[in-house]
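This report concerns only the one structure given below.
Computed over heavy atoms, backbone and side chain alike; hydrogens, waters and symmetry mates excluded.
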Amino acid sequence: MPATVLATVLLGVVALTGCSAPAQTQEPDPKRKPNVVVVMTDDQWLESMRVMPRTQRLIGDAGVTFDRHYASFPLCCPSRSTFLSGQFAHNNGVRHNYPPQGGYLNLDEQDTLPVWMQRAGYTTSHIGKYPNGYGYRDETEVPPGWDEWRGSVDPTTYRMWGYRLNENGRLHSYGASHIEDPNLYQTDVYRDKGADFIRRHAKTRKPFFLSMAFLAPHSENTGVGPAPRPAPRHEGAFAGESLPTGPGFDERDLSDKPTFLQRRPRLDTADRARITESYRGRLASLQAVDEAVQKLIDTLRSTGQLDNTYVLFTSDNGFFFGQHRVHTGKYLPHEASSHVPMLIRGPGLPAGLHSRELTNNVDLTATIAEIAGAEPGHALDGRSLLPYAQNPDRRTTRPMLHEAATGARPDALKAEDERGLDGASGRAAAGGNLDQEGAAWSRVKPDPKEKGEVISASYEAIRTDRYLYIRYAKGDRELYDLRTDPHELTSRHDDPRYAATRRFLDRHLDELQGCRGEECRQEIPQAPAPTS
């Protein structure tokens, strides 16, 4: 049949059936390495994924969800620095949001993931938030490794309107903080810049690595309340949402908890109202992120790149909403603040499956390096998640390290360390500031009987398939049997039935403390069960 006749017949079939012709898409280049897109939110707790149906459908249902994924240090700058370096905080030197313990300037930017990706032949782009303190030294600085740079400049990072971006060395301001222009809403602007990057680089032979770092659901620094402002189209989307009040909410008995948590009073009516306001607003802010994921996936599909792209969705840390009487914040290794979403789709991965393997954010770097065939400039503390995504039933007994501030160093903590500048983060957290950003929203008051004593929330912890064991710098301990106590209501650190369990976890935490590279990835035997 001649081509013209065939075309006429096909058009007639389309007209008769009422179907439209399929959208034209570009064909993927079989010789091209796979692309990588990472979407990272800020302060997103696991339960909030229920309000992101697009993200669950387009990434989780099309790939693998890691149900037990945790942040090793649940705080913005240390977590993002772990992602960029593939190292725990005690190895990359970023143990706080700001100097002298942490901040952007403490990270060795010459030896990070984007640098390795460039060397592996990738075009790299970052859009949005970077480790805290970026822009304080030089607002026009472009960190090494990024071919296209659109980083938010602190402190304007924490504004949904009125933020400033360094775009390849040139500063651009987007609106004013008090004028809610729908066209300049931060999440939407980042979304459109990400889609534009994909469209432009889909036409080239080089693979790309795109890092999308949204602020939501983190609060703003403009005095608008405990939650970020949602996009105007989502205003009031969760106005009637009830605050989840599980068994750990406003915990009645904190006598098993460390000293600094025992000081926290029960939540009053005003506390509950403010926590509810925060919860509802943060959920609403995630709606624009969910839409952004849809646009990024649609753009990958229309440009013919989706089948050759790994897409990862995660958060830097979780968030407290009244659990263990913590009004707000993160920092601690407990479930509310350290358990975060982790979804991945990509070539060769099964669709709609879940992995129960224990994983953490230090593994993200090794995963991306394996995808790209990139050579890291130093030993990575994590391991690639690809084998566990390819076979979600695969399980190991590798434990996970949590650490904060002066915890998990190879040498023993000295009193002068905790009293000096090196312990500022741990002392601030113990005083109620588990956000580690500005003034704490907390009614914690010091005990006059403890005058002169340094109270600290610095810690190191080991998480296994069944247990979470925490050692604090000043001697407090927590031990939770997560099989019987998933809400961390009763610490077993002084329970004689768990004596052998604690000795076992102490010994293996000693091995993890100060670990480097392969030492951090070793499997251990199952911990002894409690005696009857």
Inset, instruction - Using atom types as modelled and distance alone, determine if a side-chain donor or acceptor of Gln522 lies under 3.5 Å from a backbone N or O of Glu518. - result: yes
Inset, instruction - Return the set of residues passing ring-ring contact (aromatic ring centres under 6.0 Å, His included) with Phe197 (not counting sequence neighbours), or none when no residue passes. - result: His201, Phe208
Inset, instruction - Supply the atom-to-atom distance Gln56 CD to Arg50 CZ, rounded to the nearest 0.5 angstrom. - result: 10.5 Å
Legend entry - Between CG on residue Asn317 and OH on residue Tyr70, distance to nearest 0.5 Å: 14.5 Å
Legend entry - Heavy-atom side-chain proximity of Ile462 to Met400 below 4.5 angstrom: no
Legend entry - Validation row: Arg398, Leu358 side chains within 4.5 angstrom (heavy atoms): no
Inset, instruction - Would you tell me whether Asp481 and Tyr498 have side-chain atoms, one donor and one acceptor, within less than 3.5 Å of each other? - result: yes
Legend entry - Sequence neighbours excluded, every pair satisfying ring-ring contact (aromatic ring centres under 6.0 Å, His included) that has a member inside residues 349-382: Trp116-His378
Inset, instruction - Enter the distance from Thr464:OG1 to Leu509:CG here, rounded to the nearest 0.5 Å. - result: 11.5 Å
Inset, instruction - Describe, in one word, how the ring planes of His126 and Trp146 are oriented to each other, choosing from parallel (under 30°), tilted (30 to 60°) and perpendicular (over 60°). - result: tilted
Inset, instruction - Using distance alone, with no hydrogens and no angle criterion, decide if Gln118 and Asp147 have a side-chain donor and acceptor under 3.5 Å apart. - result: yes
Inset, instruction - Determine whether the side chains of Ser125 and Glu148 contain a donor N or O and an acceptor N or O closer than 3.5 Å. - result: no
Inset, instruction - Indicate, with yes or no, if the rings of Phe73 and Phe88 have centres closer together than 6.0 Å. - result: no
Inset, instruction - For the residue pair Glu291 and Arg54, establish whether any side-chain heavy-atom pair is separated by less than 4.5 Å. - result: yes
Inset, instruction - Only counting residues at least two apart or in another chain, list the ones meeting ring-ring contact (aromatic ring centres under 6.0 Å, His included) with His334. - result: His324
Legend entry - Check: Ser72/Glu403 side-chain N/O donor and acceptor closer than 3.5 Å: no
Legend entry - Donor-acceptor contact below 3.5 Å, side chain Arg32 vs main chain Thr204: yes
Legend entry - Exercise: do Gln294 and Asp298 side chains pair donor with acceptor under 3.5 Å: yes
Legend entry - Side chain Asn106, main chain Gly103, donor-acceptor under 3.5 Å: no
Inset, instruction - Answer yes or no: is there a donor N or O on one side and an acceptor on the other, between the side chain of Gln390 and the main chain of Gly348, under 3.5 Å? - result: no
Legend entry - Asp363 side chain vs Leu385 backbone, donor-acceptor pair below 3.5 Å: no
Inset, instruction - Over 60° means perpendicular and under 30° means parallel, so classify the ring planes of Phe504 and His508, tilted if in between. - result: tilted
Legend entry - Centroid separation Tyr158 to His218 less than 6.0 Å: yes
Legend entry - Heavy-atom side-chain contact between Glu519 and Glu511 under 4.5 Å: no
Inset, instruction - Look at the side chain of Asp485 and the backbone N and O of Thr490, then say whether any donor-acceptor pair between them is shorter than 3.5 Å. - result: yes
Legend entry - Geometric class of the Tyr134/Tyr104 ring pair [parallel <30°, tilted 30-60°, perpendicular >60°]: perpendicular
Legend entry - Residues Tyr480 and Glu478: side-chain donor-acceptor under 3.5 angstrom: yes
Inset, instruction - Give a yes or no on whether the backbone of Ala404 and the side-chain of Tyr331 come within a donor-acceptor separation of less than 3.5 Å. - result: no
Inset, instruction - Would you mind reporting whether Arg191 and Val189 have side-chain heavy atoms less than 4.5 Å apart? - result: no
Inset, instruction - Taking Glu370 for its side chain and Arg383 for its backbone only, find out whether a donor-acceptor pair lies under 3.5 Å. - result: no
Legend entry - Positive for side chain to side chain donor-acceptor pair (under 3.5 Å) with Asp465, one of Arg395, Arg483, Gln526: Arg395
Inset, instruction - Indicate whether the side chain of Glu523 and that of Thr396 have a donor and an acceptor atom separated by less than 3.5 Å. - result: no
Legend entry - Distance-only donor-acceptor check, side chains Asn92 and Ser85, under 3.5 Å: yes
Inset, instruction - Kindly determine whether Arg356 and Asp393 satisfy salt bridge (charged side-chain N to carboxylate O under 4.0 Å, His left out), including the steps that lead there. - result: CA-CA 8 Å; Arg356 295 287 296 166; Asp393 291 331; over 6 Å; no
Inset, instruction - Report yes or no: is the cationic atom of Arg394 (NZ for Lys, CZ for Arg) closer than 6.0 Å to the six-membered ring centre of Tyr388, at no more than 45° off its axis? - result: yes
Inset, instruction - Could you walk me through whether Asn91 and Asp381 pass side-chain hydrogen bond (donor to acceptor under 3.5 Å, both in side chains), step by step? - result: CA-CA 9 Å; Asn91 286 329; Asp381 296 339; 2.9 Å; yes
Inset, instruction - Test the Arg282-Phe319 pair against the cation-pi criterion, namely NZ or CZ under 6.0 angstrom from the six-membered ring centroid and within 45° of the ring axis. - result: yes
Inset, instruction - State, without any angle test, whether His96 and Gln436 hold a side-chain donor-acceptor pair at a distance under 3.5 Å. - result: yes
Legend entry - Residues forming a ring-ring contact (aromatic ring centres under 6.0 Å, His included) with Tyr163, sequence neighbours excluded: Tyr174
Inset, instruction - Examine the side chains of Arg463 and His402 and answer whether a donor and an acceptor come within less than 3.5 Å of each other. - result: yes
Legend entry - Side-chain donor or acceptor of Ser355 paired with backbone N/O of Glu357 under 3.5 Å: yes
Legend entry - Polar side-chain atom of Asp42 near backbone of Pro217 as donor-acceptor pair, under 3.5 Å: no
Inset, instruction - Evaluate the side-chain proximity of Leu332 to Phe260: yes if any heavy-atom separation is below 4.5 Å, no if none is. - result: yes
Inset, instruction - Go through the structure and list residues passing salt bridge (charged side-chain N to carboxylate O under 4.0 Å, His left out) with Arg119, not counting sequence neighbours. - result: none
Inset, instruction - Determine whether the side chains of Gln305 and Thr309 contain a donor N or O and an acceptor N or O closer than 3.5 Å. - result: no
Inset, instruction - State, yes or no, whether a side-chain contact exists between Phe313 and Met342 at a heavy-atom distance under 4.5 Å. - result: no
Inset, instruction - Give a yes/no verdict on a cation-pi contact between Arg471 and Tyr459, requiring under 6.0 Å between NZ or CZ and the six-membered ring centre and an angle within 45° of the axis. - result: no
Without placing hydrogens or testing angles, list every side-chain donor-acceptor pair under 3.5 Å for residues 75-84, not counting sequence neighbours.
residue, atom, partner, partner atom, Å
Ser79, OG, Asp316, O, 2.7
Ser79, OG, Asn361, ND2, 3.1
Arg80, NE, Asp316, OD2, 3.1
Arg80, NH2, Thr41, O, 3.4
Arg80, NH2, Asp316, OD2, 3.2
Ser81, OG, Cys77, O, 2.8
Thr82, OG1, Pro78, O, 3.2
Thr82, OG1, Gln87, O, 2.9

Legend entry - Validation row: Ile59, Val293 side chains within 4.5 angstrom (heavy atoms): yes
Inset, instruction - Measure the CZ-CG distance between Arg521 and Leu512 for me, rounded to the nearest 0.5 Å. - result: 12.5 Å
Legend entry - Distance flag, aromatic centroids of Phe321 and Trp45, threshold under 6.0 Å: yes
Inset, instruction - For side-chain hydrogen bond (donor to acceptor under 3.5 Å, both in side chains), just list the numbers for Asp506 and Tyr469, CA-CA rounded to whole Å, side-chain angles, deciding distance to a tenth of an Å, and then say yes or no. - result: CA-CA 8 Å; Asp506 255 321; Tyr469 176 57; 3.0 Å; yes
